[in-house]
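Comments concern the structure below.
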Amino acid sequence: MAEQGLSQYSQRELRQLAKAFNLMGDEAVSEAKEAAGKMAEFARDEIKQAGYRRQKAAGAVKAVVDGTKVSKSSKTGRLDIGFASQRLSGGGNTQKLWAGLEFGSDRFKQFPSYSGRYGRGSRGWFIYPTLRKIQPELTKQWEQTADAIVKKWAN
């Protein structure tokens, strides 16, 4: 696979990869899920560390990052952040607050200031900057794992 970030793969390449996963046997799928879970756990831990370093709304940020869940059934690695069931003492929940804590607001003072633009979206304060920072490592790990699984199970 090419040396590029996952976000640089075309939709066609990603569909081909999904098709290959569907054709794999149960053991290969199990290996893919295990490897993807480990990479998602790595990403979750990095996001937690970045969130713990935040000063503005530190308690709410800690609740958001502590509640981050890794999907064990995903073959490509998935993190879930913010849940309605994860209540905060002020009556809010992390599902409603995580975006304000991540991207900020110039209108609502309980959130940090707006993080600014990055490309076509917002820069972010702790989740997205961390993901951008670790993307090369995640991409490298994911490609090595996918190549190993394909070599092992393609026979």
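We're numbering straight along the sequence, starting at 1.
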For residues [X] and [Y], report the shortest heavy-atom separation together with the two atoms involved.
X: Ala36; Y: Gly77; result: CB-N, 3.3 Å
X: Ser74; Y: Ser71; result: N-OG, 3.4 Å
X: Leu79; Y: Ala43; result: CD1-CB, 4.0 Å
X: Asp106; Y: Lys109; result: O-NZ, 3.3 Å
X: Gly51; Y: Val61; result: O-CG1, 3.4 Å
X: Ser115; Y: Gly124; result: OG-N, 2.8 Å

Could I get the full list of ring pair (Phe, Tyr, Trp, His ring centres under 6.0 Å) partners for Tyr128, not counting sequence neighbours? Phe103
Just by modelled atom types, is the [Y] backbone N or O under 3.5 Å from a matching donor or acceptor in the [X] side chain?
X: Gln86; Y: Thr94; result: no
X: Glu46; Y: Thr130; result: no
X: Arg53; Y: Phe126; result: no
X: Arg87; Y: Asn93; result: no

Does CZ in Arg78 sit with more than 12 non-hydrogen atoms of other residues, nucleotides or ligands closer than 6.0 Å?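 Count not over threshold, so no.
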Is it the case that more than 12 heavy atoms not belonging to Tyr114 sit under 6.0 Å from its OH atom?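 Yes, the 6.0 Å shell around OH holds more than 12 heavy atoms from other groups.
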List in chain and number order the residues that pass side-chain hydrogen bond (donor to acceptor under 3.5 Å, both in side chains) with Lys72, two or more places apart in sequence or in another chain; answer none if no residue qualifies. Glu41
Measuring from [X]:[atom1] to [Y]:[atom2], what's the distance to the nearest 0.5 Å?
X: Lys69; Y: Ile81; atom1: NZ; atom2: CD1; answer: 12.5 Å
X: Lys48; Y: Ile127; atom1: NZ; atom2: CD1; answer: 12.5 Å
X: Lys140; Y: Ile134; atom1: NZ; atom2: CD1; answer: 14.0 Å
X: Tyr118; Y: Arg132; atom1: OH; atom2: CZ; answer: 5.0 Å

Is the shortest heavy-atom distance from the side chain of [X] to the side chain of [Y] under 4.5 Å?
X: Ser30; Y: Lys33; answer: no
X: Thr145; Y: Met39; answer: yes
X: Leu138; Y: Gln135; answer: no
X: Gln141; Y: Lys38; answer: no
X: Pro112; Y: Glu102; answer: no

Under the ring pair (Phe, Tyr, Trp, His ring centres under 6.0 Å) definition, can you give me all pairs with a residue in residues 45-102, not counting sequence neighbours?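 Of all non-adjacent pairs touching residues 45-102, none passes ring pair (Phe, Tyr, Trp, His ring centres under 6.0 Å).
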